Number of protein chains: 2
Amino acid sequence: MKNENHEVLLEQKGLKKTKVRMALLQHFMGLDHAQSYSDLQTALAKEVDKSTLYRNLTSFEQAGIIHRINDHSGVSKYAFGESPIQGNEHAHFVCECCETVYCMEGLAPLQLKVPKGFKTKKVQTIIRGICAAC
Amino acid sequence: MKNENHEVLLEQKGLKKTKVRMALLQHFMGLDHAQSYSDLQTALAKEVDKSTLYRNLTSFEQAGIIHRINDHSGVSKYAFGESPIQGNEHAHFVCECCETVYCMEGLAPLQLKVPKGFKTKKVQTIIRGICAAC
DNA sequence: TTTATAAATGCAACTAAGTTGCATTTATAT
DNA sequence: ATATAAATGCAACTTAGTTGCATTTATAAA
Ligand SMILES: [Mn+2]
Ligand SMILES: [Mn+2]
Ligand SMILES: [Zn+2]
Ligand SMILES: [Zn+2]
């Protein structure tokens with residue numbers, strides 16, 4: 001009985017393999033778009049405690065397993081993969097129709113000329129439009 | 001006793017010239033960076049009611065007097081000038097040091113190539129870095 | 001296999017941002 | 001001067017997320 005991908009990843013990151021984390025990570029790994037807290041609560045079915053879920057999202061984020069996305073909706077969304085900040089920069093696409101948030105893996109942020117005295121560290125881009133599914 | 005700029009603007013937009021609105025708009029017009037609800041509450045000194053302030057921000061936004069900015073901090077910020085959406089597109093600069101948010105009037109939105117099936121409507125850009133004052 | 005231990009979980013209580021309903025006040029038009 | 005519709009203030013509410021603490025559980029050492 002060899003370990004699954006999500007189990008290996010938890011081991012690699014030095015995180016305990018708990019029931020909640022296994023389910024959560026397995027869910028993230030089979031998905032191509034971002035998830036909100038309530039998306040996750042629904043998907044996990046077996047009613048995980050709110051703070052447990054939020055704390056795990058924070059742990060995963062700190063470990064570089066997932067990244068947090070601010071789509072300007074007022075609720076944070078999370079997607080599999082390390083943060084765009086750490087060398088994995090990419091834009092996010094928000095569908096105006098279904099509200100789904102996608103990571104645009106290919107799209108690197110373009111550098112913009114800022115005024116004298118200002119210094120750019122990173123650029124975060126949100127593309128708003130209609131997705132392929134809509 | 002001729003009307004001030006902010007009074008003229010309120011008239012133009014068909015908004016009643018109330019005490020709160022006069023103070024609020026005057027404040028916005030003398031500023032080069034964005035303001036949060038609590039920045040405004042502090043600046044207005046004479047303790048305006050929370051819902052009154054929020055309702056006026058909404059009115060100003062709808063009238064195109066100010067625009068709302070999401071700087072990913074979790075609190076909305078507002079700046080003088082109509083929304084970047086209506087033909088006035090510009091990026092926003094967030095200082096990592098002092099948290100100040102500036103409108104980068106010169107910086108037009110960057111067009112990025114999205115995958116087949118996706119359709120871009122608008123692009124919102126946040127530049128993170130160090131501002132001229134820091 | 002048992003046991004020790006540190007970390008994860010669940011629960012309740014809390015915070016912060018923003019919204020809503022409603023009674024009262026005020027700006028503007030007549 | 002008065003009528004009217006809109007703005008204000010207050011309290012109560014909502015939603016997203018956080019914190020403290022007692023209990024449970026994953027892991028590793030004995
Ligand atoms: Mn992403
Ligand atoms: Mn702006
Ligand atoms: Zn869609
Ligand atoms: Zn600064």
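Everything numeric in this text was worked out from a predicted model, so none of it was measured. Below, read A as the first sequence line, B as the second, and so on, with proteins coming before strands; counting in each chain starts at 1.
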Nearest whole Å is fine: how far is dG17(D) P from Q41(A) CD? 13 Å
Check K17(A) with E11(A), please: is the shortest side-chain N to carboxylate O separation under 4.0 Å? yes
Output the rounded distance in Å from CG (L10(A)) to P (dT27(D)). 9 Å
If you only use heavy atoms from C-beta on, which nucleotide in dA7(D), dA26(D), dT9(C) is closest to the side chain of N56(A)? dT9(C)
With the threshold set at 4.0 Å, does a side-chain nitrogen-carboxylate oxygen contact exist between R68(A) and E61(A)? yes
Can you tell me the pairing partner of dT19(D) across any strand shown, Watson-Crick or G-U wobble, with both distances under 3.5 angstrom? dA12(C)
Atom-to-atom span, CG of L15(B) to P of dT28(C) - whole angstrom: 10 Å
Does the ring center of Y37(A) lie less than 6.0 Å from the ring center of Y54(A)? yes
What string of B, S and - do you get for nucleotides 10-19 of chain C, 5' to 3', when a contact is any protein heavy atom under 4.0 Å? BBB----SBB
Take the protein atom NZ of K13(B) and the nucleotide atom P of dA6(D), then report the distance between them rounded to whole Å. 19 Å
F80(B) and I65(B) have their tightest heavy-atom pair at CD1-O, 3.6 Å
Between T18(B) and dT8(D), is there a contact of a side-chain N or O with OP1 or OP2 at under 4.0 Å? yes
Given the side-chain rings of F118(A) and Y102(B), with only the six-membered ring counted for Trp, is the space between their centroids under 6.0 Å? yes
Give the rounded distance in Å between these two atoms: CG of L57(B) and P of dA7(D). 14 Å
Evaluate whether atom NZ of K122(A) has more than 12 neighbouring non-hydrogen atoms of other residues, nucleotides or ligands under 6.0 angstrom away. yes
I need the NZ-C1' distance between K46(A) and dT9(C), as an integer number of Å. 14 Å
